[in-house]
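Computed from a predicted model, the values in this text were never measured in an experiment.
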Amino acid sequence: MTRVLASAALCPPGPPAPGWVAIDDGVIVETGWGPAPAGAVDTGPTLLSPGLIDVQVNGVDGDDFATADAAGWRRAGRAQLEHGVTAYCPTFVSAPFEWYDAALRRAGAARADADGRALPCIVGVHLEGPFLGGAPGAHPVELVRPVDLAWLEQELAAFPDLVCVVTLAPESDPGLAATRFLCDHGVTVALGHSTATYDESCAAADAGARLVTHLFNGMAPLHHREPGLAGAALDDDRLTPTLIADMVHVHAAALRLAINRKRNVALVSDQVATAGMDVTKDGAARLADGTIAGSTLSMDRAVGNIVALGVPVERALEMASVVPAGVLGLTDRGRLAEGARADLVAFDSRSLDVRAVWLAGERVFGPIGDD
């Protein structure tokens, strides 16, 4: 049975405008602008958007994906729904090799569990390390190591289709054999925590790398004679940089520079479970020595922060939905278009607070309309 949701502001693509979305069997079958067909559910003074996609999230509230049990994964999933996230990549930071198998098994079980519940899609695990380089940030330096290709081959064989992103440093992958291997096996390679030169970064893009993890953070500063990874992220159109828009990790001017320079910029939360960390007044989670170890940012707040910089709302939403879907190769979501999965978010048109969320056309958060 086809149902229609009407909104005073539909986007992206394009600036917000009155429109409607027709849904059948969990899929968008038609969209239109202007007055909705008879019988449509009116979502009120809201902005209707594709569901948000978070490529890098380590934990939510008290639940760290690295150690969470089944109940913790469910709590974290439900909490993300409330902030408009309909798909995400749980992220594991650097750890000893022997730790990963159990964590990946739990992640695989959580993904299967989410499929049968009203929870966001777990696209796959993002391994942020341990193959990092000269800018480890909050990653313990004793755990950072050069790439072990045999270990990667073993893990991908043991957990097929579970690992979807690997952040590594070009200098940790001499000859870029691991970068090529991962890309050949459908894993998105992200460059990060690195002091690689501009040329080394572009060579990694030649080998298939397509993401840059949290631009400006965990990398050498942009220099006019050696632009480094930051310069490559801004200059090489093959690379999609991600940004942590909590207004702590990156200055507003640097956020604007990146957004104005490139269309393919993605927002990430880099949210962490804060147990054992110092959450300072600015909202950053820090280690005891003051090192920033992640954020307390939600994806809807990231969108709001970008809009507050003067970026059009349709562009901010694109950075949190269309662009992440594209770099992850998700052709079935991240857009309001015929054939896409009906994962939708209704935002308050003024505050950009999340009012309702739909997964595959079924409302899973927020009372709205009479659907």
Side-chain angles (χ1 to χ4, degrees), residues 54-59 65-66 89-97 99-100 125-149 151-152 163-174 176 178-179 182-183 187-205 207-223 226-234 236 239-244 246 248-250 254 258 266 268-272 277 284-287 289-295 327:
D54 195 351
V55 178
Q56 184 176 4
V57 52
N58 304 272
F65 292 125
C89 299
T91 302
F92 299 158
V93 297
S94 299
F97 278 170
W99 174 88
Y100 285 94
V125 172
H126 178 167
L127 299 182
E128 188 189 3
F131 307 125
L132 307 180
H139 294 247
V141 293
E142 65 273 14
L143 297 177
V144 171
R145 54 180 299 157
V147 165
D148 186 321
L149 184 54
W151 182 81
L152 280 173
V163 175
C164 69
V165 181
V166 172
T167 292
L168 54 76
E171 64 267 35
S172 78
D173 184 21
L176 300 171
T179 298
L182 290 166
C183 294
V187 177
T188 300
V189 173
L191 308 177
H193 290 284
S194 171
T195 51
T197 66
Y198 173 88
D199 289 342
E200 290 169 337
S201 303
C202 291
R210 290 296 177 263
L211 265 176
V212 174
T213 291
H214 45 52
L215 177 62
F216 302 123
N217 300 115
M219 60 189 66
L222 179 68
H223 189 278
E226 178 41 73
L229 176 55
L234 293 171
D236 191 321
L239 294 172
T240 295
T242 67
L243 289 169
I244 306 170
D246 63 351
V248 179
H249 279 77
V250 182
V268 294
S269 71
D270 195 31
Q271 188 176 6
V272 297
M277 293 189 189
R286 300 176 186 267
L287 301 181
D289 64 1
T291 301
I292 297 179
S295 83
V327 79

Novice: Measure the SG-CG distance between Cys89 and Asn58 for me, rounded to the nearest 0.5 Å.
Specialist: 11.5 Å
Novice: Identify, with sequence neighbours excluded, every residue that meets ring pair (Phe, Tyr, Trp, His ring centres under 6.0 Å) alongside His193.
Specialist: His139, His214
Novice: Check Cys202 against Asp236 and note the closest heavy-atom contact, atom names and distance.
Specialist: SG-OD2, 3.9 Å
Novice: Working to the nearest 0.5 angstrom, can you tell me the gap between Asp246 CG and Gln271 CD?
Specialist: 10.5 Å
Novice: Going by distance alone, is a donor N or O of one side chain under 3.5 Å from an acceptor N or O of the other, for Glu171 and Ser194?
Specialist: yes
Novice: Please report the shortest heavy-atom distance between Leu176 and Pro170, naming the atom on each side.
Specialist: CD2-O, 4.4 Å
Novice: Taking all heavy atoms of Val57 and all of Asp54, pick out the closest pair and write down the distance.
Specialist: CB-OD2, 3.4 Å
Novice: Would you say the side chain of Pro130 lies within less than 4.5 Å of the side chain of Val144, judging by non-hydrogen atoms?
Specialist: no
Novice: In Å, rounded to the nearest 0.5 Å, how long is the span from CG of Leu215 to CG of Leu229?
Specialist: 8.0 Å
Novice: Pair Val165, Thr91 - check side chain to side chain contact (heavy atoms under 4.5 Å, CB included), show working.
Specialist: CA-CA 9 Å; Val165 181; Thr91 302; over 6 Å; no
Novice: For Glu226 versus Tyr198, what's the shortest heavy-atom pair and its separation?
Specialist: OE2-N, 2.8 Å
Novice: Quick one: side-chain hydrogen bond (donor to acceptor under 3.5 Å, both in side chains) partners of Thr242, sequence neighbours excluded?
Specialist: none
Novice: Testing the 3.5 Å rule here: is there a donor-acceptor pair between the side chains of Thr197 and Asp199?
Specialist: no
Novice: How far apart are the closest heavy atoms of Val147 and Phe131, and which atoms are they?
Specialist: CA-CD2, 3.4 Å
Novice: Using the side-chain hydrogen bond (donor to acceptor under 3.5 Å, both in side chains) criterion, which residues pair with Ser201? Sequence neighbours excluded.
Specialist: none
Novice: Can you list the steps and then say if Leu168 with Thr179 is a side chain to side chain contact (heavy atoms under 4.5 Å, CB included)?
Specialist: CA-CA 8 Å; Leu168 54 76; Thr179 298; 3.8 Å; yes
Novice: Search all heavy atoms of Ser269 against all heavy atoms of Ile244 and return the closest pair with its distance.
Specialist: O-CG2, 3.8 Å
Novice: With rounding to the nearest 0.5 angstrom, report the CG to CG distance, Asn217 to Leu243.
Specialist: 9.0 Å
Novice: Applying side-chain hydrogen bond (donor to acceptor under 3.5 Å, both in side chains), can you list everything that pairs with Arg210, at least two apart in sequence or on another chain?
Specialist: none
Novice: Applying ring pair (Phe, Tyr, Trp, His ring centres under 6.0 Å), can you list everything that pairs with Phe92, at least two apart in sequence or on another chain?
Specialist: Trp99
Novice: List for me each residue that meets side-chain hydrogen bond (donor to acceptor under 3.5 Å, both in side chains) alongside Thr213, sequence neighbours excluded, and say none if there are none.
Specialist: Thr167
Novice: Do Leu132 and Ser172 make a side-chain contact, defined as non-hydrogen atoms from C-beta onward lying under 4.5 Å apart?
Specialist: no
